[in-house]
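Working notes for the structure below.
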Amino acid sequence: MEDYRVKPHQKIDLAKDYDPNDYGEWKGKKAKGVARLTELRAELDALQQVLYAEHQHKALVLIQAMDTAGKDGTIRAVFDGVNPQGVHVASFKVPTQIEADHDFLWRVHAQVPAKGELVVFNRSQYEQVLVVRVHNLEPEKEWRKHYQQINDFEKLLTDTGTTILKFFLNIDLDEQKQRLIERIDTPEKQWKFSPGDLPERKLWWQYMEAYQEAISQTSTEYAPWHIVPANHNWYRNLVVAEVIVEALKKLDMHYPQAAEDLDQYKKDLNEEVIEKKGN
Ligand code: AMP
Ligand code: MG
């Protein structure tokens, strides 16, 4: 799984070095992979509980991808089984007027995890160097500054106790076509299809260039990117879950110390007499 982690400022070539069909060591082991995901979900649930109880660390999982690559599906698959009170998902859409009137990190900073929290970003600050770049929503000299601004922002977050894990779900053009056709063919999925998806698809290679540069410029020691093979949903889910569980385990979290004299409290409980009112 370490292979998918991008080294700090590593130059990457998405088309050459990252196969969206890759299975790593799990080729032909789908049943085992699915079973492993079930275990990882249980581990994640346990880790989230101690994260909350300890109230020290903050966890931020950030997901970016092209349409149909499975941002929603990954979040559902990986966090299914985690206490719903323990996870918050923040989705970033086209900025509202008030958001657009502020700097681009304003709405993002408002959603970052506090102590004990686990937050998932469905899209993120990175839209400002992806869709904004591809559609010329800002001049190049403006969006180019955002790499450093994002690195500084993420440094602030990690310096103040946040573990940041960034994932790019990597599908290819052909897989996207199949998935768009499937959406059109499946009544329960038709709502997800938007006619605007087709002109976006035509910009595929501009997006790949934008992703490549963004990932390379902003993969740091403290906030690494992971390029996840995502043509096969089960493997995509497995990689994301494995990376998150590994990182949270490394935090070596502990439940807070129990109150003193627990034995005495237990004795009191066993011996207690609570009289009924009004006797
Ligand atoms: P979806 O996630 O499919 O609901 O779509 C959300 C849309 O909002 C996508 O087309 C994003 O590219 C767009 N979006 C998110 N952030 C920004 C941003 N900062 N500027 C422009 N568009 C954005
Ligand atoms: Mg969409």
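Counting starts at 1 for both ligands and their atoms, in listed order. Side-chain atoms are counted along with the backbone in the values below, which use heavy atoms only and exclude waters and symmetry mates. Every value quoted in this text rests on a predicted model; they were computed, and no experiment measured them.
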> What's the shortest heavy-atom distance between Glu260 and Tyr265, and which atoms?
Replying inline: O-CE1, 3.3 Å
> When the aromatic ring centroids of Tyr211 and Trp204 are compared, is their separation below 6.0 Å?
Replying inline: no
> Does NZ or CZ of Lys29 come closer than 6.0 Å to the centre of the six-membered ring of Tyr23, within 45° of the ring's axis?
Replying inline: no
> For Asp67, is at least one N or O under 3.5 Å away from an N or O on ligand 1?
Replying inline: no
>> Regarding atom 8 (O) of ligand 1: of the candidates Val132, Val129, Val94, Asp197, which has the closest heavy atom?
In response: Val94
>> For Trp225, run the side chain to side chain contact (heavy atoms under 4.5 Å, CB included) check against Ile12, Leu62, Thr220 and tell me which one passes.
In response: Leu62
> Which ligand 1 atoms, with their elements, are less than 4.0 angstrom from a heavy-atom of Arg107?
Replying inline: 16 (N), 17 (C), 18 (C), 19 (N)
>> Under a 4.0 angstrom heavy-atom cut-off, which atoms of ligand 1 come close to Gln128?
In response: 19 (N)
>> For the 3.5 Å polar cut-off, considering only N or O atoms, please tell me whether Lys93 and ligand 1 meet it.
In response: yes
>> Under 4.0 Å, heavy-atom basis, I'd like to know which part of Pro95 is in contact with ligand 1: side chain, backbone, both or neither.
In response: side chain
> Val131 heavy atoms, cut-off 4.0 Å: which ligand 1 atoms fall inside?
Replying inline: 12 (O), 20 (N), 21 (C), 22 (N), 23 (C)
>> Out of the candidates Thr218, Val129, Asp103, only one should pair with His146 under the side chain to side chain contact (heavy atoms under 4.5 Å, CB included) rule; please name it.
In response: Val129
> Where do Glu175 and His232 land on the side chain to side chain donor-acceptor pair (under 3.5 Å) test, with the steps shown first?
Replying inline: CA-CA 10 Å; Glu175 181 66 23; His232 306 289; over 6 Å; no
>> Using a 3.5 Å cut-off on N or O atoms only, is Lys71 in polar contact with ligand 1?
In response: no
